Amino acid sequence: MNKTLLFLTIFFISLTNIVISQNKSSLHLKNGSIIYGKIIENIPDSIVKIKTECNNILVFEKQKIESINSTKNEKYKTIPYNLTMDAGIAGFGGSYDASISLLITGTYNFNEKYYVGITSGIEYFQIPVLPVAGELRADIFKRNTTPFIYFRGGYGFKLIRDEENSSYIATYKGGIMFGSGIGIKKRFTSEFAMTFSIGYRHQQTYESYDYVLGDRWNSDYERHYFNNRTTFRIGFIF
């Protein structure tokens with residue numbers, strides 16, 4: 001578990017650095033040329049250094065520059081279809097250890113701030129489950145950085161086989177799932193954003209053991225689990 005958390009943390013930090021480095025600026029020269037890249041130095045009334053997409057560093061005098069435009073100042077843009085991939089930890093509820101979940105959500109955007117879609121992936125609540133849920137998400141503002149809320153509900157299907165041997169027969173089932181939360185979304189381009197959220201997660205699971213040997217009436221049991229967890233998630237929207 002610790003190795004998995006470390007791997008995911010390194011992966012997310014690396015991907016974040018890659019995305020941030022993709023912020024571009026355009027340098028408009030008075031001769032009509034346009035240079036695209038990342039501004040690495042801007043000295044007032046002197047020079048501007050820009051690193052191009054080919055990793056070349058160019059230096060221009062301020063009097064030769066007409067204007068400098070940065071993608072960081074782009075207006076809020078939306079595209080109708082989005083794919084969100086996010087990972088999180090569900091814990092702080094019940095007697096079981098915190099567990100990692102990986103989810104993929106396909107959404108359709110309407111009215112610029114609202115999203116509806118379907119979520120699936122893999123999670124662990126006593127047993128591994130495959131959640132299939134409808135999702136509703138809403139941005140609070142039409143900005144590159146905005147709070148958002150989400151609601152999802154559906155069913156978690158078991159991802160484990162029933163067991164049968166000479167001693168017992170074990171049966172597993174999934175169950176109803178739902179959740180909600182709040183978070184922050186940071187849009188870097190019209191096609192990429194990151195999210196950080198905290199929320200509530202409910203998942204029902206079921207197991208029963210039918211023992212072949214021993215006192216059947218005292219050994220056999222059935223359990224219906226009602227898991228209520230706090231979730232912390234980080235996601236990437238494409």
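Positions are given from 1 along the sequence. Just so we're clear, the structure is a prediction, and the values are computed from it rather than from any experiment.
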Flag yes if more than 12 heavy atoms outside [X] fall under 6.0 Å of its [atom1] atom; otherwise flag no.
X	atom1	answer
K51	NZ	no
Y200	OH	yes
I118	CD1	no
I176	CD1	no
K62	NZ	yes

- Message: With a 3.5 Å distance limit and no angle check, can you tell me whether S197 reaches the backbone of G183 through a side-chain donor-acceptor pair?
- Response: no
- Message: Closer than 3.5 angstrom, by distance alone: can the side chain of N82 be matched with the main-chain N or O of T107 as a donor-acceptor pair?
- Response: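 Judged by distance alone, no pair lies under 3.5 Å.
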- For D139, which of K185, R187, K113 qualifies under side chain to side chain donor-acceptor pair (under 3.5 Å)? K185
- Query: Going by atom types only, do S33 and N31 share a side-chain donor-acceptor pair under 3.5 Å?
  - Reply: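 Looking only at side-chain atoms, N31 and S33 do form a donor-acceptor pair, the distance falling under 3.5 Å.
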- State whether a side-chain donor-acceptor pair under 3.5 Å links H202 with Q204. yes
- Message: Side-chain heavy atoms under 4.5 Å apart, restricted to Ile/Leu/Val/Met/Phe/Trp/Tyr: what other residues fall into the cluster of M177, or is it alone?
- Response: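 Cluster partners of M177: none, it stands alone.
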- Query: Apart from I184 itself, what residues make up its hydrophobic cluster when side-chain heavy atoms of I, L, V, M, F, W and Y under 4.5 Å apart count as a link, directly or indirectly?
  - Reply: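 Answer for I184: none, a lone residue.
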- Item | Aromatic centroids of Y206 and Y225 separated by under 6.0 Å | no
- Message: Once you measure the plane-to-plane angle for F188 and F192, does it fall in the parallel (<30°), tilted (30-60°) or perpendicular (>60°) bin?
- Response: tilted
- Task: Return the orientation label for the Y209 and Y172 ring planes: parallel under 30°, perpendicular over 60°, tilted otherwise.
- Result: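 Rings of Y209 and Y172: perpendicular, as their planes differ by over 60°.
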- Query: Is Y81 reachable from L136 through a run of I, L, V, M, F, W or Y residues, each pair having side-chain heavy atoms under 4.5 Å apart?
  - Reply: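 Yes, it is one cluster - the side chains of L136 and Y81 are joined through contacts under 4.5 Å.
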- Exercise: identify the closest heavy-atom pair between I50 and Y36: CD1-C, 4.0 Å
- Query: Closest approach of L29 and F60, non-hydrogen atoms and distance?
  - Reply: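 Smallest interatomic distance, heavy atoms only, reads CD1-CE2, 3.6 Å.
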